[in-house]
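Have a look at the structure below, then the notes.
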Amino acid sequence: MGVSLPLDPTGEPSLVDRSHPYPAAPAGAARSDIEERILGPLNDAQRRAVTTTAGPLLVLAGAGSGKTRVITHRIAWLIQHEGVAPWKILAVTFTNKAAAEMRDRLHEMIGEAARDVAMGTFHSLCARMLRRDGEAIGLPKEFAIYDADDQARVIKGFLKEDDLPATGETKPSLILGAISRAKNDGLSADQMEDRAVTHHERLIARFARRYAAELKRLDALDFDDLLLEGLRLLQEAPAVADRYRAKWEYLHVDEYQDTNRIQYSWVRELAATHGNLCVVGDDDQSIYSWRGADIRNILDFERDWPTAEVVPLEQNYRSTQTILDAAHGVVSNNQGRKKKKLWTELEGGDQITVYGAFDPEDEAAWIVRRIEEASAAVTGRRADAPAPVSLSEIAILYRTNAQSRAIEEALLRSSVPYQLIGGTRFYQRREVKDALAWLRVLRSDTDRISYERILNVPPRGIGDKTIELLRAAAAPSVSAPEGTPYGQVIAAAGRGEVAGVNTRARNSLAGIADVINRLRDRIAAVTLPELLDGVYSESGLRAHLASEGVEGEERWANLLELRGISGRFVDLAPLDALDRFVEETALVADQDAFDGDAERVTLITLHAAKGLEWPTVFISGLTEGLFPHSRSLMDQEQMEEERRLCYVGITRAKRRLSLSYALRRGWGEGDGAPSRFLAEIPEELLDVVNDDDPRAEGETRFGRGFRSARAGFAGGESWREGSGTPGAPSGSFRPGRDLEARRRAYSAGARSGSLQVPDTDGIDEAPDDDEYIGEAPELLQPVGRIPPWAATGRGDGTALPSATGTPVLPQLRPRVAAPVRVRIPGERYFRDGDRVLHATFGEGIVVTSKLTRHDEEVTIAFAGSGVKTLAASIANLEVQG
DNA sequence: CACCTAGTACTTTTT
DNA sequence: GTACTAGGTG
């Protein structure tokens with residue numbers, strides 16, 4: 001897969017002062033010309049933001065209100081009107097993409113001077129500063145930057161030492177998440193330990209301590225460390241800090257609502273002497289609290305900087321009024337936000353299309369069909385048909401990366417070209433990380449994680465046993481209290497100096513040490529692509545992939561791609577090129593790969609879509625449990641963040657917006673109801689198109705599912721269970737017949753006749769042909785061993801206890817004012833929370849159930865026998881009550 | 001020690 | 001649907 005990256009080695013912020021001056025204005029340009037050119041295209045509020053140059057400034061920039069435009073014009077104003085030298089200006093963004101775009105736009109306005117404005121992400125700026133000045137706070141000259149995968153390897157090492165499983169409570173990602181959160185709160189491992197109450201918290205605190213010590217030993221920093229050490233540099237090295245404060249006199253921070261406390265402090269330190277700090281953000285677009293972003297940074301800006309000017313930008317230039325009203329309808333349900341409402345001169349606009357699908361495949365097929373209709377240069381196009389849309393103008397947004405699969409498959413079937421942003425990221429692909437690990441060991445003797453990565457790729461007889469011996473040899477001991485650098489251990493083992501290493505492994509280790517030495521000798525003499533050629537051939541990667549068939553070819557293609565990207569660094573001195581390449585490949589973001597001009601549909605997560613826009617946007621997967629995500633259902637704060645995410649998604653659209661959901665979802669997730677966010681959009685803005693589906697006869701249940709969900713959410717007593725179809729009975733549904741018709745209609749391909757209607761006898765049959773079974777008994781919440789991703793909450797802040805470990809007898813809790821339950825024959829017969837009786841296992845509670853092609857798989861937590869998944873047709877389950 | 005198979009345990013979002 | 005593990009085999 002070809003991934004192109006706008007890695008721009010020359011576009012990075014220069015930390016070195018330039019000596020040549022820039023004229024304050026182009027020669028001969030009258031002052032009024034400059035004013036006209038910079039301020040002319042702006043509205044009053046934008047002008048105020050641009051011309052307020054001294055002191056703190058908060059720009060509350062609603063979606064599509066010209067945020068980037070304000071920053072670029074402001075920088076142009078500073079340079080050309082105020083006569084500020086470009087290198088005195090810093091702009092911080094969250095992605096390289098945003099920085100690059102800003103630089104491009106600035107370049108259009110002011111030409112070459114744009115190159116000297118410092119721009120970058122928080123992480124890349126900190127990394128650069130630490131490379132240059134880190135020694136002032138005791139950091140090593142060379143350090144590796146560890147991503148999530150490297151971090152997990154460190155933790156897995158601990159788990160192995162302790163003989164703990166890498167699953168459940170000690171899953172590396174969970175441990176790392178906890179450590180990261182603590183770090184972002186400014187807690188040391190000691191403080192974590194002091195505050196730990198539960199056994200688990202103490203465990204995490206101990207991991208945090210070991211993790212910090214290990215990274216120090218490895219000369220490695222993780223993403224959090226980059227920021228933390230960047231801050232520490234400004235706080236503990238006054239001379240260095242003063243140099244940066246003097247260097248950057250005008251600071252700009254984009255997406256300020258996404259800054260965390262550390263980033264906030266970092267910015268405050270930099271702005272401390274002059275206070276020329278312009279932050280731009282929108283509290284409604286704060287969607288990264290899980291990453292430590294603290295919305296208080298924007299809400300409290302005026303308190304922190306009492307002299308701050310505040311400029312709200314409320315005119316939207318992107319979307320139609322319909323889209324804005326929908327977005328407002330959703331986000332206005334949030335409590336903690338600055339009240340505001342965007343407006344636009346683009347009155348009206350197309351209604352928002354809503355489609356309720358049977359399953360994700362159907363949903364994807366519908367989206368693709370609409371794309372084809374809108375874009376195809378169809379022959380025999382009707383004269384009055386709307387002009388075809390370019391594929392570059394279309395994006396499909398979803399909540400989780402996993403959702404892209406169904407859509408990709410549908411696009412592939414229809415041969416619609418697409419670009420996928422995120423997912424398995426290029427720099428995280430195995431072979432790419434292998435190659436980069438080689439580059440890292442060339443520059444480091446201590447980076448154990450990278451060494452271990454390369455040791456046995458391709459397989460050369462170095463397995464778990466040998467690794468264990470090497471680790472032991474590198475560990476601190478009486479003779480080497482600091483431990484021995486891993487690179488030296490490998491060389492020693494190659495010479496037979498590490499006891500217990502078998503002959504084959506020893507020879508391999510000697511070979512690796514030899515290759516590393518040879519490559520190191522070559523670094524200064526060859527270009528980066530040539531160095532990579534050496535790595536590929538001498539490491540055996542190339543030969544290995546050549547023997548691996550089609551998959552090997554694809555991986556090899558990725559290595560060639562990597563080699564190509566490295567060519568952008570040829571202008572730098574070889575050593576610098578190597579360092580910069582390794583550093584920047586560690587810090588690229590998904591979004592950086594986005595090509596806005598490519599004649600392709602863009603597939604992207606809602607998170608990654610922030611800051612981007614398209615004329616036509618599809619948001620898919622608007623299903624309760626998916627979006628809002630099930631992990632957010634139990635917490636008001638998290639629910640509001642989901643809502644903001646929805647707001648972000650809606651406001652990506654300029655002209656046309658389509659929303660869709662699938663009632664049946666993927667693995668283990670049971671069925672979902674239409675998302676509550678759909679119910680929050682004023683109904684007159686929506687065009688529910690299910691009934692127009694040519695394959696459906698008469699009323700389909702999808703439209704009804706949507707409308708009844710709407711009634712449920714909009715009504716006073718909210719229907720909030722995680723499953724089941726809410727709302728009033730319809731009375732028009734004919735079981736069996738409709739089911740078969742629908743299945744036939746919706747199963748792609750001709751699996752005719754192979755579908756069976758689950759047999760209905762005995763279990764909970766509907767009283768008549770209507771799915772309505774009258775008043776529901778008390779609706780019960782299952783409590784106990786629920787798969788975490790299937791857990792449902794109530795969205796009102798009350799969390800459901802989710803115990804893990806030994807299944808316990810579920811506690812049954814009656815609910816007040818139980819909503820009516822609806823059963824649809826042919827749909828699931830078992831609902832989450834159903835109490836069931838099994839001949840052997842006894843009493844249990846249904847945790848989830850899902851329909852397979854011929855049957856229904858019910859996952860039940862039994863009182864005495866644990867959690868089991870049973871086939872409904874075989875198990876003979878009896879529903880209680 | 002590497003490779004294969006079968007079984008199990010999971011799926012938020014990312015610099 | 002996948003990613004990882006355990007356990008067996010070569």
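Given the structure is predicted, the values throughout are model-derived calculations rather than measurements. To find a chain, count down the sequence lines: A is the first, B the second, and so on, and within it residues start at 1. All values below come from the heavy atoms of this structure, side chains included, with hydrogens, waters and symmetry mates left out.
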When the distance from CG of A:L226 to P of B:dT14 is rounded to whole Å, what number comes out?
-> 19 Å
Heavy atoms, side chains only, cut-off 4.5 Å: are A:W290 and A:E641 in contact?
-> yes
Which whole-number value in Å describes the distance from A:R644 CZ to B:dT13 P?
-> 18 Å
What integer distance in Å separates A:D258:CG from B:dT13:P?
-> 16 Å
Side chain to side chain, A:V267 and A:V92, heavy atoms closer than 4.5 Å = no
Return the value, rounded to whole Å, for the distance between atom CG of A:D149 and atom P of C:dA3.
-> 12 Å
Rounded to whole angstroms, how far apart are CG on A:L606 and C1' on B:dT14?
-> 14 Å
Side chain of A:W290 only, please: which of B:dT14, B:dC3, B:dT15 is the nearest?
-> B:dT14
When you measure from the side chain of A:N401, which nucleotide among B:dC1, B:dT13, B:dT15 comes out closest?
-> B:dT13
What's the shortest heavy-atom distance between A:A608 and A:Y288, and which atoms?
-> N-OH, 4.5 Å
Side-chain donor-acceptor pair present, A:E255, A:Q257, cut-off under 3.5 Å | yes
Side-chain contact test, heavy atoms from C-beta onward, threshold under 4.5 Å: evaluate it for A:R440 versus A:I454 and give yes or no.
-> no
Taking only the side-chain heavy atoms of A:N456 (C-beta and beyond), determine which of B:dC1, B:dA2, B:dT14 contains the nearest atom.
-> B:dA2
Return the value, rounded to whole Å, for the distance between atom CG of A:D224 and atom P of B:dT14.
-> 16 Å
Would you name the heavy atoms of A:N184 and A:G292 that are closest together and state the gap between them?
-> ND2-CA, 4.4 Å
Would you mind telling me which of B:dC1, B:dT15, B:dT13 lies closest to the side-chain atoms of A:T400?
-> B:dT13
Between A:F122 and B:dT15, do the rings stack, that is, sit under 5.5 Å apart with planes less than 30° off each other?
-> no
What's the closest nucleotide to the A:T466 side chain, out of B:dT15, B:dT14, B:dC1?
-> B:dC1
Measure from the side-chain heavy atoms of A:T121 and tell me the nearest of B:dC3, B:dT14, B:dT15.
-> B:dT15
For C:dC4 versus B:dT13, give the span between their C1' atoms, rounded off to a whole number of Å.
-> 23 Å
Assign A:I462 to base, sugar-phosphate, or nothing according to its heavy-atom contacts below 4.0 angstrom with the strands shown.
-> sugar-phosphate
Looking only at B:dT15, C:dG1, B:dT13, the nucleotide nearest the A:R405 side chain is C:dG1
5'-most contact on DNA chain B: A:R291 or A:R504, nearest heavy atom basis?
-> A:R504
Side-chain N or O of A:T605 less than 4.0 angstrom from OP1 or OP2 on B:dT14?
-> yes
Upstream residue (5' side of DNA chain B) when A:L645 and A:P459 are each assigned their closest nucleotide = A:P459
Grab the CD-C1' distance between A:Q257 and B:dT14 for me, whole Å please.
-> 15 Å
Please state how far atom NE2 in A:H123 lies from atom P in B:dT14, giving the value in whole angstrom units.
-> 14 Å
